Amino acid sequence: MSLSVLVNGVELNDYLQVTDLRRGIGPERKNSLQKLGMTHGEQYLGYSKGSTTYEMDFILRYDLISKRRELAGILDVSDPVPVIFGDEPDKYVMAIPDGDTNVDEKHFFGYGTIVWVIPTGYSESVSETQYIANLNSDGVLMMKIENNGTETTELSFDATMTSDNGFLGVVGPLGAFEVGNAAEVDGHTYQRTDVVAKNSLRPSDEPNWELNSTKAKTYYPIAVSGIPNRFGEGSFNWTGEGPVPVFPANTEACWVGPTLYRDIPSNSNGINTGNFEAIWRCNFRTTSPKQMIREEFNLLSGDSVVATAVLRDSKNTKSEGIFEFLVMPPDSDVIKTMISIDLKKATGSWYDVRISRVGSAITFRLTQIRKLGTNDNVAQYNWQYQKKFTVAEMADVPITGTTYWPHARFNNALVPKLNSLGESITNFVFRWINVDKWADDPNRYSADDVLHYDGTTGKFYVNQLLAMNDIIQGSVDLRIPPGTWYVEFYYSDFAETPIVTGTLRERWL
């Protein structure tokens with residue numbers, strides 16, 4: 001049986017019989033030497049490898065004219081083609097015939113020699129070896145490669161993204177290759193304001209409030225007389241621009257009044273901590289020393305009151321407005337300040353009450369409104385008072401609810417009309433401010449993108465589209481010498497580990 005010779009998939013055995021194949025040992029080698037001055041010998045500068053040549057003797061049997069014509073067509077190639085010799089069926093050479101292939105005809109036989117030139121000088125494996133990258137003990141994505149050939153060869157790879165990613169870097173034994181942008185980030189942070197409560201306290205707003213709820217709390221459960229205040233008794237008439245409190249009769253030395261309670265929703269991150277501003281607008285006044293009233297605006301953390309503003313005239317000897325501001329950190333002492341004004345000299349009865357937190361700073365602000373502006377701001381005012389407390393324990397206290405408690409009829413004292421219609425609270429706003437948010441920026445590579453690098457051509461593709469501009473300047477081909485080597489793959493810190501498979505076609509000299 002003649003030696004099988006497959007040329008570009010065509011079996012030459014169908015036309016000829018190989019009688020001898022001379023392949024030699026390795027390709028042509030040329031050394032570079034340099035004479036240095038008067039020294040003995042020469043300095044070795046390196047070497048280069050050239051092409052290699054195979055000489056294949058053959059014999060044709062019978063039907064010589066037809067076989068010569070068909071062989072001429074098979075061997076007439078413009079570029080090297082794969083040639084597989086039967087004694088090494090797992091390898092091929094990229095070869096091209098060289099020179100004249102003469103046939104010496106004798107009777108019914110023809111004798112000749114085909115000279116194969118292999119420009120690369122090496123054979124290659126018919127099949128590629130596949131490798132999979134895995135995370136090592138240091139968390140580095142690494143691929144172990146065994147090149148069992150005798151010549152350096154190129155590594156190709158496919159990397160399937162499992163998340164957004166900005167770059168892919170590959171470090172091999174003979175250099176590095178990188179695509180994308182290692183400095184790319186996944187997104188950016190920004191701040192926003194979350195308005196989670198905005199109540200006008202018109203009749204349509206009544207369902208947003210709980211009347212005399214068990215969740216309502218006060219910092220002032222016991223009157224100065226020692227008698228418990230009648231907290232959460234009474235009702236409101238919802239008829240105008242604000243509810244009018246209805247106070248039960250009371251002859252005791254304590255206060256009585258209904259409550260309005262509502263939950264404070266969390267911010268857009270789902271938490272009830274952080275910076276905030278709470279705003280109540282209300283009416284407050286007395287027109288006679290015989291009138292007495294207190295209005296409490298508080299913020300709750302669970303069942304505990306943690307911040308309170310109080311507007312009160314609790315003396316039946318003169319019309320004096322006393323305004324108290326209290327911070328009550330959990331498991332800590334109460335911090336309090338107050339101011340007073342002569343209500344006979346006060347102008348107007350409409351007030352803006354604010355409690356805000358920025359970090360550990362709690363700020364109270366009381367404004368007597370002359371004209372309201374936009375975005376819940378006071379455009380003009382008659383007077384304003386502001387007090388800031390820095391309380392480290394308050395920095396991370398959750399805010400979960402608010403209570404409004406107007407109370408009167410201490411010893412059945414006269415009840416003032418808080419404005420001309422008797423309306424109390426008219427607006428409530430709660431907003432979380434400077435809420436940290438994250439915006440996901442588009443990245444160079446997205447989940448399910450497939451990055452393909454062809455080591456033999458040096459071309460790079462993304463989803464089968466050529467993307468040579470992605471290759472970072474200075475990248476080199478991923479060449480793997482004979483032996484066992486490790487190739488490392490790097491990707492963006494924010495990215496999930498990609499799925500990387502490599503292919504390598506071994507070569508032999």
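Computed from a predicted structure; not experimentally measured.
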Can you run down the side chain to side chain donor-acceptor pair (under 3.5 Å) pairs that involve residues 466-482, sequence neighbours left out, and say none if there aren't any? Arg444-Asp470, Tyr445-Asp470, Tyr453-Asp477
Can a side-chain donor-acceptor contact be found between Ser200 and Asp205 if the only test is distance below 3.5 angstrom? no
Could you tell me whether the side chain of Val103 reaches within less than 4.5 Å of the side chain of Leu64, counting heavy atoms only? no
Show the nearest heavy-atom pair for residues Val487 and Pro173, with the distance to one decimal. CG2-CD, 4.4 Å
Short side-chain to backbone donor-acceptor contact, Glu277 and Phe430, under 3.5 Å: no
Mark yes or no for whether Asp57, through its side chain, and Thr19, through its backbone, hold a donor-acceptor pair below 3.5 Å. no
Between the side chains of Asp449 and Asn463, does any donor sit under 3.5 Å from an acceptor? yes
Could you tabulate the donor-acceptor pairs under 3.5 Å formed by side-chain atoms of residues 76-99, not counting sequence neighbours?
unit_1, atom_1, unit_2, atom_2, d
Asp87, OD1, Arg23, NH1, 3.1
Asp87, OD2, Arg23, NH1, 3.2
Asp87, OD2, Arg23, NH2, 2.3

Give a yes/no verdict on a cation-pi contact between Lys217 and Tyr219, requiring under 6.0 Å between NZ or CZ and the six-membered ring centre and an angle within 45° of the axis. no
Side chain of Asp441, backbone of Val185: donor and acceptor closer than 3.5 Å? no
Extract all donor-acceptor atom pairs below 3.5 Å that involve side chains of residues 117-126 and protein atoms in other chains or at least two apart in sequence.
unit_1, atom_1, unit_2, atom_2, d
Thr120, OG1, Tyr122, N, 3.4
Thr120, OG1, Tyr122, O, 3.4
Ser125, OG, Ser127, N, 3.3
Ser125, OG, Ser127, O, 2.7

Check Arg281 with Asp376, please: is the shortest side-chain N to carboxylate O separation under 4.0 Å? yes
Taking Asp263 for its side chain and Pro265 for its backbone only, find out whether a donor-acceptor pair lies under 3.5 Å. no
For Leu12 and Ile74, what are the C-alpha separation, side-chain angles and deciding distance, and is it a side-chain contact (heavy atoms from CB on, under 4.5 Å)? CA-CA 9 Å; Leu12 294 192; Ile74 295 170; 4.0 Å; yes
Aromatic rings Phe276 and Trp432: how do their planes relate, parallel, tilted or perpendicular, breaks at 30° and 60°? perpendicular
Verify, without hydrogens or angle tests, whether Arg507 (side chain) and Thr152 (backbone) share a donor-acceptor contact under 3.5 angstrom. yes
Judged by modelled atom types alone, do Thr153 and Glu506 share a side-chain donor-acceptor pair under 3.5 Å? no
In terms of ring plane angle, is the pair Phe428 and Trp280 parallel, tilted or perpendicular, where the classes change at 30° and 60°? tilted
Is any side-chain heavy atom of Leu3 less than 4.5 Å from a side-chain heavy atom of Leu21? yes
For Asn199 and Arg262, test the side chains for any donor-to-acceptor distance below 3.5 angstrom and give the result as yes or no. yes
Show the nearest heavy-atom pair for residues Phe325 and Ala309, with the distance to one decimal. CD2-CB, 4.0 Å
Do Val435 and Thr193 touch side chain to side chain, with heavy atoms closer than 4.5 Å? no
Donor-acceptor contact below 3.5 Å, side chain Arg192 vs main chain Asn434: no
Do Ile355 and Thr363 have side chains that get closer than 4.5 Å, going by heavy atoms? no
Is it the case that the side chains of Glu146 and Asn148 hold a donor-acceptor pair, with the cut-off being a distance below 3.5 Å and no angle test? no
What donor-acceptor contacts under 3.5 angstrom involve side-chain atoms of residues 135-145, with partners at least two apart or in another chain?
unit_1, atom_1, unit_2, atom_2, d
Asn136, OD1, Asp138, N, 2.9
Asn136, OD1, Gly139, N, 3.1
Asn136, OD1, Val140, N, 2.8

If we ignore angles and hydrogens, is there a donor and acceptor under 3.5 Å between the side chains of Glu496 and Thr162? no
Should Asn267 and Ile271 count as side-chain neighbours, where that means a heavy-atom distance under 4.5 Å? yes
Closest heavy-atom contact between Pro482 and Thr150? CG-C, 3.6 Å
Would you say Asp436 and Thr189 make side-chain contact, with heavy atoms under 4.5 Å? no
Less than 4.0 Å between a side-chain N and a carboxylate O, is that true for Glu55 and Arg22? yes
Report the C-alpha separation of Val500 and Asp158 in whole Å, then their side-chain angles, then the decisive distance to 0.1 Å, and conclude whether the side-chain contact (heavy atoms from CB on, under 4.5 Å) test is met. CA-CA 6 Å; Val500 181; Asp158 286 294; over 6 Å; no
Does atom CZ of Phe108 have more than 12 heavy-atom neighbours from other groups under 6.0 Å away? no
Without swapping roles, check the side chain of Asp100 against the backbone of Asn102 for a donor-acceptor pair under 3.5 Å. no
Spell out, as yes or no, whether a donor-acceptor pair under 3.5 Å connects the side chain of Lys67 to the backbone of Arg61. yes
Could you go through Asn13 and Ser4, starting from their C-alpha distance and side-chain angles, then the distance that decides it, and tell me whether this counts as side chain to side chain donor-acceptor pair (under 3.5 Å)? CA-CA 6 Å; Asn13 244 336; Ser4 170; 4.9 Å; no
When every non-hydrogen atom of Met468 is compared with those of Lys459, the smallest separation belongs to SD-CA, 3.6 Å
Applying side-chain contact (heavy atoms from CB on, under 4.5 Å) to Arg431 and Ile279, what does each step give before you reach the verdict? CA-CA 9 Å; Arg431 50 198 179 199; Ile279 307 169; 3.6 Å; yes
Who passes ring pair (Phe, Tyr, Trp, His ring centres under 6.0 Å) against Tyr404, sequence neighbours left out? Phe297
Before we go on, tell me: are the rings of Phe489 and Phe157 under 6.0 Å apart, centre to centre? yes
Donor + acceptor pair across side chains of Asn272, Thr400 (<3.5 Å): no
Stepwise side chain to side chain donor-acceptor pair (under 3.5 Å) check, Asn269 with Lys437: CA-CA 8 Å; Asn269 292 332; Lys437 302 298 293 181; 2.9 Å; yes
Side chain to side chain donor-acceptor pair (under 3.5 Å) contacts in which one or both residues fall within residues 388-397, not counting sequence neighbours: none
Got a donor-acceptor contact below 3.5 angstrom from the Thr402 side chain to the Asn298 backbone? yes
Closest approach of Ser301 and Val306, non-hydrogen atoms and distance? CB-CG1, 3.8 Å
With side-chain contact (heavy atoms from CB on, under 4.5 Å) as the criterion, how do Leu174 and Val476 come out once you've worked through the C-alpha distance, each side chain's angles and the decisive distance to 0.1 Å? CA-CA 9 Å; Leu174 298 179; Val476 298; over 6 Å; no
Check whether any side-chain heavy atom of Ser360 sits under 4.5 Å from a side-chain heavy atom of Val391, and report yes or no. no
Is there a donor-acceptor contact under 3.5 Å linking the side chains of Thr218 and Glu296? yes
Answer yes if the side chains of Glu488 and Tyr490 hold a donor-acceptor pair under 3.5 Å, and no otherwise. yes
Take Phe58 and Tyr15 through the ring pair (Phe, Tyr, Trp, His ring centres under 6.0 Å) test and state the conclusion after the steps. CA-CA 10 Å; Phe58 64 88; Tyr15 306 94; over 10 Å; no
Between Leu299 and Val305, is any pair of side-chain heavy atoms under 4.5 Å apart? no
Are the side chain of Asn181 and the backbone of Gly166 linked by a donor-acceptor contact shorter than 3.5 Å? no
Give the minimum heavy-atom separation between Ala495 and Asp164, together with the two atoms involved. CB-O, 3.2 Å
